[in-house]
2 protein chains.
Amino acid sequence: MGYLRIGQLSARTGINNETLRFYEARGLMSEPRRSEAGYRLYTEADVRKAEFIVRAKKMGFGLKDISELLSLRVEKESSTCGEVKDLAEAKLLEIEQKIEELQRMKGALEQITEACCGGQESAIHCTILNALDQIDDPAEVSARVAVRA
Amino acid sequence: MGYLRIGQLSARTGINNETLRFYEARGLMSEPRRSEAGYRLYTEADVRKAEFIVRAKKMGFGLKDISELLSLRVEKESSTCGEVKDLAEAKLLEIEQKIEELQRMKGALEQITEACCGGQESAIHCTILNALDQIDDPAEVSARVAVRA
DNA sequence: ACAAACCTTATACTTTACTACAGGGTTTAG
DNA sequence: CTAAACCCTGTAGTAAAGTATAAGGTTTGT
């Protein structure tokens with residue numbers, strides 16, 4: 001019935017056949033059912049797993065991190081619940097830092113696109129490093145806000 | 001006076017000497033002044049640049065992306081202002097998508113740490129993939145919020 | 001003045017994450 | 001029934017991003 005072969009999973013996820021087998025070898029994708037002839041048979045759950053891997057990679061996680069994230073699993077009556085929580089909390093912290101950093105960078109890019117094309121004198125802060133410096137400095141930020149208002 | 005040699009920049013940024021030279025070869029770090037003997041002499045601006053590279057890498061940008069970000073620079077009276085804006089806006093979109101994805105993931109991890117250690121029946125959603133599925137489904141999210149309130 | 005600690009270039013090695021064969025079996029459309 | 005399109009394992013090759021080493025010059029402390 002609704003099983004996908006490797007080529008179809010590849011088409012659905014944009015991950016190449018070889019790469020899917022590579023992920024399996026690394027323990028990222030779990031070993032799928034096989035057809036009589038030995039073909040891999042994937043489920044919708046595998047599709048979601050593969051899509052998760054793609055997204056996590058875009059966010060800068062390595063395969064090892066992704067593997068850890070995927071293995072986060074609270075088992076009923078598990079004594080490992082504390083460990084799981086610890087790992088999840090560590091990853092949470094990592095993610096929160098990434099978000100903060102990305103938001104700073106977003107601010108800097110917005111400053112470049114908004115403030116830097118137009119005035120003659122404005123070109124002083126018009127590199128990402130200068131824009132970030134401004135964002136670092138609270139006085140400068142409020143000054144900028146005041147000028148704009 | 002206040003110049004840093006490569007070892008000192010390395011110590012300040014956590015980037016290894018060889019890697020700094022490698023970044024220079026790739027055009028990420030600009031070619032620094034040299035002492036009479038040919039030693040690289042770095043400025044505080046170089047420190048900030050190096051720190052930016054470290055942070056951008058943590059967020060999942062490759063060296064090529066970082067190079068592009070660093071070269072965003074609105075020159076006074078430049079006709080390239082539109083191009084700069086386009087590139088900045090493309091990166092902005094990329095960053096916004098990363099932030100959204102990270103926030104989804106953050107929600108999923110929070111769900112694991114908060115909701116999954118305790119109750120007996122709760123272990124159903126206690127993998128990151130299940131938690132993400134729940135977050136995808138707006139009905140489930142509001143149900144979860146309602147239960148908590 | 002001389003050893004330790006530092007710097008130089010150039011080359012080679014390593015790790016991570018793929019990607020591409022080679023050599024063969026299986027499915028499917030005409 | 002057979003050719004194209006698909007799949008298998010296994011091995012090898014690649015690209016990106018570092019890291020290490022060799023052979024040598026420079027600075028600094030004593």
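Below, chain A is the first sequence line, B the second, and so on; all start at residue 1.
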Novice: For DNA chain C, whose closest nucleotide is more 5', that of Phe22(A) or that of Ala37(A)?
Specialist: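 Going by which nucleotide is closer to the 5' end, it is Phe22(A).
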Novice: In whole angstrom, give the distance that lies between atom CZ of Arg21(B) and atom C1' of dA20(D).
Specialist: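 These atoms are roughly 12 Å apart.
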Novice: Measure the distance from OH on Tyr39(A) to C1' on dC6(D) and round it to the nearest whole Å.
Specialist: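 After rounding, the gap between these two atoms is 5 Å.
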Novice: Strictly below 4.0 Å: does Tyr23(A) bring a side-chain N or O up to OP1 or OP2 of dC18(C)?
Specialist: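 True: Tyr23(A) side-chain N/O within range (under 4.0 Å) of dC18(C) OP1/OP2.
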Novice: Tell me whether Val54(A) is reachable from Ile95(B) by hopping between hydrophobic residues (I, L, V, M, F, W, Y) whose side-chain heavy atoms are closer than 4.5 Å.
Specialist: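 As far as the 4.5 Å side-chain criterion goes, Val54(A) and Ile95(B) are connected within one cluster.
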Novice: When the distance from CD of Glu24(B) to C1' of dA10(C) is rounded to whole Å, what number comes out?
Specialist: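 Roughly 14 Å, once rounded to whole Å.
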Novice: Distance check: side-chain N/O of Thr19(A) vs OP1/OP2 of dA17(C), anything under 4.0 Å?
Specialist: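 Answer is no, no contact under 4.0 Å.
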Novice: Arg5(A) near the nucleic acid: base, sugar-phosphate alone, or nothing, with a heavy-atom cut-off under 4.0 Å?
Specialist: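 It contacts sugar-phosphate atoms only.
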Novice: Assigning hydrophobic clusters by single linkage (Ile, Leu, Val, Met, Phe, Trp, Tyr; side-chain heavy-atom cutoff under 4.5 Å), is Leu87(A) placed with Leu69(A)?
Specialist: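 In one cluster: yes.
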Novice: Using the closest heavy atom to pick a nucleotide of DNA chain D for each, name whichever of Glu36(B) or Lys64(B) lands nearer the 5' end.
Specialist: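 With Glu36(B) and Lys64(B) compared, the 5'-side residue is Lys64(B).
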Novice: Using a strict cut-off of less than 4.0 Å between a Lys/Arg side-chain nitrogen and an Asp/Glu carboxylate oxygen, indicate whether Arg21(B) and Glu18(B) qualify as a salt bridge.
Specialist: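 Yes, this pair counts.
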Novice: Between Met29(A) (CE) and dA17(C) (C1'), how many Å, whole number?
Specialist: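 Rounded to the whole Å, the gap is 16 Å.
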Novice: OP1 or OP2 of dC18(C) sitting under 4.0 Å from any side-chain N/O of Lys57(A)?
Specialist: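 Answer yes for this pair, as a side-chain N or O of Lys57(A) is under 4.0 Å from OP1 or OP2.
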Novice: Provide, to the nearest angstrom, the distance between the CG atom belonging to Asn16(A) and the P atom belonging to dC21(C).
Specialist: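 Atom-to-atom, Asn16(A) to dC21(C), this comes out as 12 Å.
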Novice: Please confirm whether Lys49(A) makes a cation-pi placement over Tyr42(A), using NZ or CZ under 6.0 Å from the six-membered ring centre and within 45° of the ring normal.
Specialist: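 Cation-pi check for Lys49(A) and Tyr42(A): fails.
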Novice: For the pair made of CD in Glu18(B) and P in dT14(C), what is the distance, rounded to whole Å?
Specialist: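 Going from Glu18(B) (CD) to dT14(C) (P), I get 16 Å.
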Novice: Looking at dT9(D), I'd like to know if its phosphate oxygens (OP1 or OP2) sit under 4.0 Å from a side-chain N or O belonging to Arg40(A).
Specialist: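 True: Arg40(A) side-chain N/O within range (under 4.0 Å) of dT9(D) OP1/OP2.
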Novice: In whole angstrom, give the distance that lies between atom CD1 of Ile15(A) and atom C1' of dC18(C).
Specialist: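 Rounded to whole Å, this separation is 12 Å.
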Novice: Between Arg34(B) and Arg26(A), which has a closest nucleotide on DNA chain C that is more 5'?
Specialist: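 First, find each residue's nearest nucleotide; the 5'-ward one identifies Arg34(B).
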Novice: Is the NZ or CZ atom of Lys57(B) positioned over Phe52(B)'s six-membered ring, under 6.0 angstrom from the centre and within 45° of the axis?
Specialist: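 No, Lys57(B) does not sit over the ring of Phe52(B).
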Novice: Heavy-atom nearest nucleotide on DNA chain D for Gly38(A) versus Gly62(B): which residue maps closer to 5'?
Specialist: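 Checking each residue's closest nucleotide, the 5'-ward one belongs to Gly38(A).
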Novice: Could you check how far CD1 of Ile66(B) sits from C1' of dA17(D), rounded to whole Å?
Specialist: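 Taking CD1 of Ile66(B) and C1' of dA17(D), I get 11 Å after rounding.
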Novice: Below 4.0 angstrom from OP1 or OP2 of dC7(C), is there any side-chain N or O of Asn17(B)?
Specialist: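 Indeed, a polar side-chain atom of Asn17(B) lies that close.
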